[in-house]
Every structure is written in structure tokens, then in C-alpha cells.
Amino acid sequence: MTIKIPAGKYGNLPAEPDKVFNVKEKGPRPKALKSYAEEIGLEAFLAQCRLDK
């Protein structure tokens, strides 16, 4: 199953708590974001990591 991470700003990753990831509409998603989203599920990931709600 592929997780589709929507464009936006993300942070609060346990592995890199101070880093903010800017995800654009097109292009690859950062590996750290993708693996964490797959680990905890997209709903929980968006609730915890999305910065521009």
C-alpha cells in the first residue's frame, strides 16, 4: 500500500523533531516522512505532523 502524503509543511517527526519539511504538489516525498507515515498510518501522521492545517 502506498501512502499519499498531501502537499504542505510537516514537522514533529520523532527522528528529526526540529526539521520542517516542505512538500510540494509534484515531486518526491522525503523518505523520513514516508516511512513514518507508513509506520503510524496516514490519519495519525497528518494529525501529528502537518503544520499548515
Side-chain angles (χ1 to χ4, degrees):
M1 185 183 110
T2 306
I3 289 205
K4 300 236 185 263
I5 298 173
K9 282 190 171 151
Y10 297 90
N12 304 324
L13 258 69
E16 302 178 64
D18 298 329
K19 187 163 184 183
V20 172
F21 296 88
N22 245 325
V23 175
K24 293 181 174 35
E25 206 59 58
K26 293 197 172 184
R29 301 311 191 224
K31 201 170 256 174
L33 287 184
K34 207 168 177 156
S35 63
Y36 189 57
E38 287 169 357
E39 186 183 314
I40 67 167
L42 188 59
E43 290 288 313
F45 171 78
L46 291 175
Q48 179 186 325
C49 301
R50 191 146 195 198
L51 302 176
D52 55 355
K53 293 181 178 70

> Please determine, by modelled atom types, if Gln48 and Tyr36 share a side-chain donor-acceptor pair under 3.5 angstrom.
yes

> Please name the pair of heavy atoms, one in Pro6 and one in Leu46, separated by the smallest distance, quoted to 0.1 Å.
CD-CD2, 4.0 Å

> Using every non-hydrogen atom in the two residues, find where Ile3 and Glu38 come nearest and quote the distance to one decimal.
CD1-CA, 3.6 Å

> To the nearest 0.5 Å, tell me how far Lys31 NZ sits from Leu33 CG.
12.5 Å

> Given Leu51 and Tyr10, is the side chain to side chain contact (heavy atoms under 4.5 Å, CB included) satisfied, shown in steps?
CA-CA 5 Å; Leu51 302 176; Tyr10 297 90; 5.5 Å; no

> How long is the straight-line distance from NZ of Lys19 back to CG of Asn12, given to the nearest 0.5 Å?
14.5 Å

> Might you point out which heavy atoms bring Arg29 and Ile5 nearest each other, and give the distance in Å?
NE-O, 3.0 Å

> Mind listing the closest non-hydrogen atom pair of Cys49 and Leu13 along with its distance?
SG-CD1, 3.9 Å

> Closer than 3.5 angstrom, by distance alone: can the side chain of Asp52 be matched with the main-chain N or O of Lys9 as a donor-acceptor pair?
yes

> Could you state the interatomic distance from CZ (Arg50) to CZ (Phe45), rounded to the nearest 0.5 Å?
9.5 Å

